[in-house]
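As a basis for the values below, the full set of heavy atoms in this structure was taken, side chains included, without hydrogen atoms, waters or symmetry mates.
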Amino acid sequence: MVTGALAAATATNLLLTSPADPFAGVATIAPEAWRTAAAPVGALLTLAAGLALLLLPVRLGRAALTSQGPARAGLGIAAAGTAAAPLVVLFCLLLAVARDPGAVDPALGSVAFLVALAGGSTCAAGCAVLASRDAAAAVPAVVRTTTVATAVLVVLGAGTLLAAPAVDLGPTLTVAAVAVLAVLVVGGAWVGGGRLAAALAPAEPGTPTRVPGLTARESEVLGLLASGASNAGIAAQLVISERTVDAHLRSVFAKLDLRADGGTNRRVQATRIWLQHTS
């Protein structure tokens, strides 16, 4: 869905947009350097693509908060990595604000865009590497960096509007307003990022998490089974498919020598074995 929305928006804008006279001396970042046919169509598709970019970090973030064990940290870092793209889009909108009413030189905006693009790509690649490794230790730094970066962009956008000639607050009042806004927004992002990182950190188990003879993942599945979760509930918490849960449970039952017959319930027997090893 995300790929389709982005591809449709990109293809449509390529077809509808054409450059102005390249010898007119207008910087390419400036809006007047481009002509767009059927502008509302391109704007609508661009908005849809922007909303589609938010799906990945939102869904990964929700999955991280509802998952258990080591998967929680990895999903949290993956959500932070996929948030890089919407942040770059937000930065582009900030550049538009800086251009008008901020009256910032378009050439400077071009450089800032390239820096933001490189930074966003580096952030996404770094998060991908961290998510594939032991992600728990990196969660606080990654989550706080993402939340503070978002807050900084908000402050820059608001500061640009406050400093615009049309507002005319005066240098002293403008600096004071931006400073207060920066303290509130960035400080709030720092505190909120810390709390979010703490929520994404894997909980320290108070009891053994592995039954002898089972793998760590099989013990994790067995523990959730013992807590009363259904196969669908286990799949949702571990962010895996129900088919994978079923395969893990078959392996658990086989390793614990629990055979299917009409007189016993393997799930109840497996739960009893789990409780024997964790009590």
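For the atom pair NE2 (His248) and CG (Leu224), the distance works out to 11.0 Å, reported to the nearest 0.5 Å. Taken from CD1 in Ile273 to CG in Leu258, the straight-line distance is 4.5 Å, to the nearest 0.5 Å. The line from CD of Glu220 to CZ of Arg217 is 5.0 Å long, rounded to the nearest 0.5 Å.
Evaluation of the side-chain hydrogen bond (donor to acceptor under 3.5 Å, both in side chains) rule for Arg250 yields Asp246 as partners, not counting sequence neighbours. For Ser227, there are no side-chain hydrogen bond (donor to acceptor under 3.5 Å, both in side chains) partners, not counting sequence neighbours. With sequence neighbours left out, the side-chain hydrogen bond (donor to acceptor under 3.5 Å, both in side chains) criterion links Ser230 to no other residue. Under the side-chain hydrogen bond (donor to acceptor under 3.5 Å, both in side chains) criterion, Arg267 pairs with Asn231, sequence neighbours left out.
Taking hydrophobic clusters as Ile, Leu, Val, Met, Phe, Trp and Tyr residues chained together by side-chain heavy-atom distances below 4.5 Å, Val58 does not share a cluster with Val142. At a threshold of 4.5 Å between side-chain heavy atoms, the hydrophobic network of Ile, Leu, Val, Met, Phe, Trp and Tyr places Val268 and Val211 in two separate groups. Ile234 and Leu275 fall within a single hydrophobic cluster, where Ile, Leu, Val, Met, Phe, Trp and Tyr are joined by side-chain heavy atoms under 4.5 Å apart, directly or via other members. A continuous path of Ile, Leu, Val, Met, Phe, Trp and Tyr side chains, each step under 4.5 Å between heavy atoms, connects Val178 with Trp190, placing both in one hydrophobic cluster.
Residue pairs that meet the side-chain hydrogen bond (donor to acceptor under 3.5 Å, both in side chains) test with at least one member in residues 137-159, sequence neighbours left out, do not exist here.
Leu214 and Ser219 get closest at one heavy-atom pair: CB-OG, 3.6 Å. Scanning all heavy atoms of the two residues, the minimum distance from Ala226 to Trp274 falls at CB-CD1, 3.3 Å. Counting all heavy atoms, side chain and backbone alike, Ala151 lies closest to Val185 at CB-CG1, 3.6 Å.
Salt bridge absent: Lys255 and Asp257 never bring a charged side-chain N and a carboxylate O closer than 4.0 Å.
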### Query
Leu222 and Leu256: side-chain contact (heavy atoms from CB on, under 4.5 Å), yes or no, with the steps?
CA-CA 11 Å; Leu222 179 56; Leu256 296 180; 4.3 Å; yes
Cut-off 3.5 Å, no hydrogens considered: what does the side-chain donor-acceptor table look like for residues 78-86, sequence neighbours left out?
from  : atom 1 : to    : atom 2 : distance (Å)
Thr82 : OG1    : Ala78 : O      : 3.2
Thr82 : OG1    : Ala79 : O      : 3.0

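Here the rule is side chain to side chain contact (heavy atoms under 4.5 Å, CB included) with Val155, and of Val183, Val186, Leu184 only Val186 fits it.
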